[in-house]
Amino acid sequence: MDILKEEYLSAGITEDVYDFCDEIQNGLKERFEEIDKVAEVNQIKVLRAMQKHKVSSGCFESSTGYGYDDLGREVLEDVYAEVFGAESALVRPQITCGTHALTIALSANLRPGDELLSPVGRPYDTLEGVIGLKEDNPPGSLKEFGISYRQVDLLPDGSFNYDGIKAAINEKTKLVTIQRSKGYDPRPTLSVERIGELISFIKSVKPDVICMVDNCYGEFTETIEPTQVGADMCVGSLIKNPGGGLAPIGGYIVGRKDLIDMCAYRLTAPGLGKEVGATLGINRSFFQGFFLAPTVTAGALKGAIYAAAIYEKLGFDVVPGSKDPRYDIIQAVSLKSPEALIAFCKGIQAGSPVDSHVAPEPYAMPGYHSDVIMAAGAFVQGSSIELSADGPLEEPYAVYFQGGLTWYHARFGITMSLQYMKNEGLVNL
């Protein structure tokens with residue numbers, strides 16, 4: 001018996017589960033080589049951007065109070081703009097999460113009487129309150145400020161409804177929001193190429209419309225980003241891919257300078273914009289996390305493919321499939337029962353470095369339709385680039401798995417999820 005297998009068995013993995021998973025992993029070498037090539041391209045891209053903008057030890061100094069003349073903050077935003085092929089960037093610890101970043105971008109560039117359009121169906125749950133789609137909308141929604149909303153669903157095969165989109169665009173349409181990833185919807189994630197095609201079509205109908213992409217979970221999964229195919233703004237969270245697991249908080253918005261300036265005025269105050277905002281000593285984590293992000297994302301992608309291959313082999317519906325192209329780090333697995341969803345998440349939690357002794361349970365979370373179970377034994381609370389799994393307790397009882405700061409941890413956690421499923425009699429190997 002080899003030493004790796006001994007370690008797994010000593011951690012509570014049974015021999016049949018280990019052998020099953022090991023055989024799956026051995027068949028993924030070519031896929032993993034493809035991922036490594038993408039990671040290397042992106043690694044060099046980030047490295048060159050840091051060199052071009054002269055990142056130095058002075059960039060890691062702390063600022064307080066107003067944060068005037070924060071060299072690190074300014075250089076970091078130049079680096080982000082360079083990597084994303086954008087004119088400007090706003091990268092701040094004052095942006096608390098991805099939903100906050102999207103809210104800033106929307107509220108900064110929409111005015112009463114404008115209309116927001118989603119051409120890819122209903123957005124992620126937490127944005128519904130922001131837009132005003134709930135029966136009991138929280139104060140401050142876009143709807144409350146006289147900003148209307150309409151959406152065009154994807155066709156049953158996941159393609160864009162171009163006729164419907166063209167019909168929906170009107171004189172009030174000011175901004176189009178495109179959610180790249182699937183959210184709690186087991187649909188295919190959009191590739192950068194498809195996003196570019198959609199933006200090109202929208203601009204052909206109304207050239208002056210603003211196209212914004214929710215890029216969460218997609219950064220560095222390809223060698224280009226949406227701002228390089230026509231997106232006017234691209235938005236994401238630093239506790240997902242671009243933070244590399246080191247950013248303790250933060251979000252980013254990159255794109256056209258005039259739009260980013262508007263976002264900065266919304267984040268701080270009109271007339272102040274990007275000039276203020278202390279970084280409080282976390283610039284080093286932002287720079288180092290961004291530097292590591294391509295390889296950390298590659299590890300998460302390998303884990304997602306591994307999970308897809310395992311559960312596909314066992315007969316579960318997975319999106320994307322183990323052989324499909326990857327455009328984000330999320331793996332959806334329809335587990336068919338609440339018991340299976342709970343067991344999967346308990347296995348992921350048990351495989352975590354933090355709070356492995358805690359058993360996750362479904363509960364009502366703000367902004368979600370139904371009870372949600374979340375497994376996330378992370379160093380940074382809610383960090384989706386770390387090993388985590390979650391899903392709503394509703395049909396088809398899909399779990400959404402993502403992250404893993406290293407491929408080896410992702411492999412261990414996924415193997416543990418299968419062990420928990422087996423222990424509950426929910427799978428037969």
Side-chain angles (χ1 to χ4, degrees), residues 42 45-98 100-105 108-109 210 212-216 218-220 224-228 231-244 246-294:
N42 287 324
K45 186 192 300 183
V46 172
L47 175 62
R48 291 184 63 198
M50 289 184 168
Q51 292 171 338
K52 177 178 177 178
H53 293 283
K54 297 181 172 60
V55 175
S56 66
S57 58
C59 295
F60 308 147
E61 297 299 322
S62 179
S63 65
T64 58
Y66 295 122
Y68 288 140
D69 303 317
D70 188 314
L71 174 65
R73 182 190 68 210
E74 294 171 2
V75 171
L76 179 68
E77 290 178 341
D78 288 341
V79 168
Y80 262 75
E82 183 77 26
V83 170
F84 281 85
E87 293 177 358
S88 184
L90 188 67
V91 187
R92 301 295 170 104
Q94 289 82 13
I95 301 176
T96 59
C97 60
H100 186 200
L102 289 162
T103 303
I104 291 167
N109 292 287
I210 299 167
M212 180 190 79
V213 175
D214 174 355
N215 204 31
C216 286
E219 300 91 348
F220 296 126
I224 56 174
E225 301 293 339
T227 32
Q228 295 171 283
D232 299 300
M233 286 190 293
C234 197
V235 183
S237 166
L238 299 194
I239 61 171
K240 296 184 174 69
N241 305 20
L246 293 183
I249 193 172
Y252 75 88
I253 309 171
V254 297
R256 270 173 36 194
K257 184 179 184 304
D258 60 326
L259 303 178
I260 301 306
D261 286 345
M262 294 293 286
C263 293
Y265 294 141
R266 175 58 60 188
L267 175 64
T268 59
L272 298 181
K274 294 177 72 173
E275 298 302 315
V276 298
T279 51
L280 304 174
I282 62 175
N283 274 339
R284 184 192 304 274
S285 297
F286 280 4
F287 276 108
Q288 194 170 14
F290 196 53
F291 180 74
L292 293 174

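Scope of the values below: all heavy atoms of this structure, side chains included, with no hydrogens, waters or symmetry mates.
At distances below 3.5 Å, at least one donor-acceptor pair connects side-chain atoms of Thr227 with backbone N or O atoms of Phe84. The backbone N or O of Thr103 lies less than 3.5 Å from no partner atom in the side chain of Arg266, so there is not a single donor-acceptor pair. Judged by distance alone, with hydrogens and angles left aside, the side-chain atoms of Lys240 form no donor-acceptor pair with the main-chain N or O of Gly218 at under 3.5 Å. Side chain of Glu225 to backbone of Phe220: a donor-acceptor contact under 3.5 angstrom is found. In terms of modelled atom types and a separation under 3.5 Å, the side chain of Glu82 and the main chain of Val46 share no donor-acceptor contact. The closest donor-acceptor contact from the side chain of Ser62 to the backbone of Gly281 lies under 3.5 Å. Under the 3.5 Å distance criterion, the side-chain polar atoms of Ser63 are matched with a main-chain donor or acceptor of Thr279.
When every heavy atom of Ala101 is checked against every heavy atom of Val235, the shortest pair comes out as CB-CG1, 3.4 Å. Closest heavy-atom contact between Cys216 and Gly236: SG-CA, 3.9 Å. Residues Pro93 and Ala278 approach most closely at CG-O, 4.0 Å, considering heavy atoms. Across Ala247 and Ile239, no two heavy atoms sit closer than the pair O-CG2, 3.6 Å. The nearest pair of heavy atoms linking Val254 to Ala86 is CB-CB, 4.0 Å. Nearest approach of Tyr80 to Ala89, heavy atoms of both residues: CB-CB, 3.9 Å.
In this structure, CE in Met212 is found 13.5 Å from CZ in Arg256, a value given to the nearest 0.5 Å. Summarising the geometry, atom SG belonging to Cys59 is positioned 12.0 Å from atom CZ belonging to Arg73; distances are rounded to the nearest 0.5 Å. Rounding to the nearest 0.5 angstrom, the gap separating the CG atom in Asn215 from the CG atom in Asn241 is 8.0 Å. Taken to the nearest 0.5 Å, the CG atom of Asp258 stands 8.0 Å off from the CG atom of Asn109. How far CG of Leu238 is from CD1 of Ile95: 7.5 Å, rounded to the nearest 0.5 Å. Residue Leu102 holds its CG atom at 9.0 Å from CE of Met233, rounded to the nearest 0.5 Å.
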After noting the C-alpha distance and the side-chain angles of Leu90 and Lys274, does the key distance pass the side-chain contact (heavy atoms from CB on, under 4.5 Å) rule? CA-CA 8 Å; Leu90 188 67; Lys274 294 177 72 173; 3.9 Å; yes
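Ionic pairing of Arg92 and Glu77 is present here: one or more N-O contacts between side-chain nitrogen and carboxylate oxygen are shorter than 4.0 angstrom.
The aromatic rings of Phe287 and Phe60 sit perpendicular to each other, their planes meeting at more than 60°, with 30° as the lower class boundary.
In this structure the side chain of Asn283 never reaches within 4.5 angstrom of the side chain of Glu61, judged on heavy atoms. Inter-residue side-chain proximity for Val83 and Phe290 is flagged as met; some heavy-atom pair is nearer than 4.5 Å. Residues Val276 and Tyr68 are in side-chain contact: their nearest non-hydrogen atoms beyond the backbone lie under 4.5 Å apart.
Applying the 6.0 Å contact sphere to CD of Glu275 captures no more than 12 heavy atoms from other residues, nucleotides or ligands.
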